[in-house]
2 protein chains.
Amino acid sequence: MPAELIERDAVSRILAAARELFAEHGFDAVSMNAIAEAAGASKANIFHHFKNKDELYLAVLKTACANSCEQIERFGQDEGSFEQRLERYAAEHLNHILDNEQVTRLIQRDLLDNGPRRGRQFAEQVFGQNFGRLVEILREGQLRGELRQDIDPAQVALMIIGTNLTFFQAREVFRHFPDVNFAGSPETYSRMAMDIVLRGIQPHGTRNAEKE
Amino acid sequence: MPAELIERDAVSRILAAARELFAEHGFDAVSMNAIAEAAGASKANIFHHFKNKDELYLAVLKTACANSCEQIERFGQDEGSFEQRLERYAAEHLNHILDNEQVTRLIQRDLLDNGPRRGRQFAEQVFGQNFGRLVEILREGQLRGELRQDIDPAQVALMIIGTNLTFFQAREVFRHFPDVNFAGSPETYSRMAMDIVLRGIQPHGTRNAEKE
DNA sequence: CAAGACACCAACCGACCGGTCAGTCCATGC
DNA sequence: GCATGGACTGACCGGTCGGTTGGTGTCTTG
């Protein structure tokens, strides 16, 4: 992939290098010199294409979020039962954040710097889109009586996204925990988590989750 | 020993200022000058007490984690049914991370910088202790047949801690989401989340969670 | 009191920071 | 042929970075 990187035009090379470095080390820890070197361009050229460091950061966040949102839009959209859709959404979401590690880290970092800060809107955008899709699926299920009426769809959405994000965030840490045996297997993790959630949100009387 | 008192005074002032600034802005964005000014000491004095910036950061993390771990040790320890203990643990954990915002942010930041980095062990320490306590409670409940045998306690522990952490991390963001009405009320949030989890991990046949 | 240990600080250092500038290169259009 | 203008660069700017130096005042100990 370095060959590809060299072939592309300067702006996209700069954006790619900046995204990688910002995600890995954070905004303040990355110098324009480092980005220039990684992108194979001069520092002055970066300032030619982007007004300043902040604008470069915003551009990185913007393109990354646009890409991410585009993929999220398709999550859980296929046909299938409510449970299948929800299960598939969770699995796809977990896969997505694992496949797009850089973007996920970028947004998590941005969320952490929560002051009157730079790219807040983009974090809200991606987070909100995830949230919206999920709540939509859940509301629909609730209308069809496939999940309890007395639960808050937003609550369930947060649980699903939250456990996925925590899996992403801490997977390297609890890889060494003796109690944890799903650290290397997001599929196992996602299946087990949704098993619990689905059972937890079933309507009170139903017992239709018996499998074998 | 008045000398020790004086020393501890300046050192603790430096540690407090550093903890606040590191938590708010991250390691690289905080200069020793800023810490010195916030602590009411000279920069040279900081270097007198701490070998370098990294050691100061480690010291901050160490004291913060020690304090945090001490409190966690008491979570969910009181008498009560399995469900009560679990519910109380979740509520106490959420309260804890909200009360100790600085430390939580500090550790989350450190988790994000996952390379061959500085304070990894402390993040593992706090995270692991939370995890250990929860898994312990869950294992006990499993032994007594109060939750399904076919679930992984570590999975449930991650779900509880994960949703709490995500609540902490994103509460400012989804405060503006129309779908969310628990943003300002961690108690409501914790109660609703545990309602779902508890129902999801009940043994297959039981129906003892009907509302009174 | 002398000597030393210790807390503390102003001034300073080289390195590097984000950002600027004058100028080169080169494709385009007249 | 030649003017225009965007892409691009090396050299440079003021300022800040983490860290050091040389020293002052204060307390303890003999």
Side-chain angles (χ1 to χ4, degrees), chain A residues 4-63 106 109-110 113 115 117-119, chain B residues 1-63 106 109-110 113 115-119:
Chain A
E4 277 180 348
L5 209 137
I6 290 167
E7 299 235 9
R8 280 185 289 177
D9 63 306
V11 170
S12 57
R13 257 159 44 217
I14 292 168
L15 283 172
R19 185 184 61 227
E20 183 171 339
L21 289 171
F22 282 147
E24 188 66 27
H25 307 290
F27 181 84
D28 295 284
V30 175
S31 74
M32 297 299 270
N33 278 311
I35 296 172
E37 194 177 343
S42 70
K43 187 172 67 166
N45 194 26
I46 299 181
F47 283 101
H48 171 69
H49 291 290
F50 304 93
K51 199 170 64 189
N52 51 37
K53 191 183 181 183
D54 265 61
E55 200 186 65
L56 170 61
Y57 175 80
L58 275 182
V60 166
L61 220 51
K62 200 169 183 175
T63 58
L106 210 54
R109 274 191 199 282
D110 203 75
D113 305 340
R117 285 262 303 192
R118 279 180 297 263
Chain B
M1 305 272 184
E4 271 184 88
L5 274 174
I6 291 166
E7 176 191 357
R8 199 175 52 193
D9 215 29
V11 167
S12 61
R13 256 163 41 220
I14 293 168
L15 282 173
R19 185 184 62 228
E20 183 171 338
L21 289 170
F22 282 147
E24 189 65 27
H25 307 289
F27 181 84
D28 295 285
V30 175
S31 73
M32 298 299 271
N33 279 312
I35 296 172
E37 193 177 342
S42 72
K43 186 171 68 165
N45 195 26
I46 299 181
F47 282 100
H48 172 68
H49 291 289
F50 303 93
K51 199 171 64 190
N52 51 37
K53 192 183 181 183
D54 264 62
E55 201 186 64
L56 170 62
Y57 175 79
L58 275 181
V60 166
L61 222 51
K62 201 169 184 175
T63 58
L106 210 54
R109 276 192 198 281
D110 203 74
D113 305 340
R117 284 265 301 195
R118 280 179 298 262

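Residue numbers start from 1 in every chain, and the chains themselves are labelled A, B, ... in the order their sequence lines are given, proteins ahead of strands. Reckoned from all heavy atoms, side chains included, excluding hydrogens, waters and symmetry mates.
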* Asked: Side chains of B:Asp110 and B:Phe22: does their closest heavy-atom pair fall under 4.5 Å?
  ->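 Of all side-chain heavy-atom pairs linking B:Phe22 with B:Asp110, none is under 4.5 Å.
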* **N/O (side chain, A:His49) to phosphate O (OP1/OP2, D:dG6) under 4.0 Å** =>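 Answer no for this pair, as no side-chain N or O of A:His49 is under 4.0 Å from OP1 or OP2.
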* Has A:His48 got a side-chain N or O lying under 4.0 Å from the OP1 or OP2 atom of D:dC8? ->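 Indeed not, no polar side-chain atom of A:His48 lies that close.
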Examine distances only and state if a side-chain atom of [X] and a backbone atom of [Y] form a donor-acceptor pair shorter than 3.5 Å.
X        : Y        : result
A:Arg19  : A:Val60  : no
A:Arg109 : B:Arg109 : no
A:Arg13  : A:Ala36  : no

* **Derivation and outcome, side chain to side chain contact (heavy atoms under 4.5 Å, CB included), residues B:Asp28 and A:His25** => CA-CA 9 Å; B:Asp28 295 285; A:His25 307 290; over 6 Å; no
* Quick one: which of C:dA10, C:dT20, D:dC8 gets closest to the side chain of A:Ser42? ->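 Nucleotide nearest to A:Ser42's side chain: D:dC8.
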* To do: Name all residues meeting the side-chain contact (heavy atoms from CB on, under 4.5 Å) criterion together with A:Thr63; count only those two or more places apart in sequence or in a different chain, and write none if there are none.
  =>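 A:Leu15.
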* **Rounded distance in Å - CD1 (A:Ile46) to P (D:dA7)** =>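 Value for this atom pair: 14 Å.
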* Asked: To the nearest Å, how far apart are A:Asn45 CG and C:dT20 C1'?
  ->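 Nearest whole value for this atom pair: 14 Å.
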What donor-acceptor contacts under 3.5 angstrom involve side-chain atoms of residues 41-53 of chain A, with partners at least two apart or in another chain?
unit_1: A:Ser42; atom_1: OG; unit_2: A:Asn45; atom_2: N; d: 3.1
unit_1: A:Asn45; atom_1: OD1; unit_2: A:His49; atom_2: NE2; d: 3.4
unit_1: A:Asn52; atom_1: OD1; unit_2: A:Asp54; atom_2: N; d: 3.2
unit_1: A:Asn52; atom_1: OD1; unit_2: A:Glu55; atom_2: N; d: 2.9
unit_1: A:Lys53; atom_1: NZ; unit_2: A:Phe27; atom_2: O; d: 3.0
unit_1: A:Lys53; atom_1: NZ; unit_2: A:Val30; atom_2: O; d: 2.7

* End axis versus end axis in the helix from C:dC1-D:dG30 to C:dC30-D:dG1, the angle rounded to 10°, five pairs used at each terminus ->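 What I find for the helix from C:dC1-D:dG30 to C:dC30-D:dG1 is an axis angle of 10°.
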* Asked: With B:Ser31, which residues qualify under side-chain hydrogen bond (donor to acceptor under 3.5 Å, both in side chains), at least two apart?
  ->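 Scan of B:Ser31 (side-chain hydrogen bond (donor to acceptor under 3.5 Å, both in side chains), adjacent residues dropped) gives none.
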* Nucleic acid footprint by protein, nucleotides 13-18 of chain D - heavy-atom cut-off 4.0 Å, B for base, S for sugar-phosphate alone -> ----SB
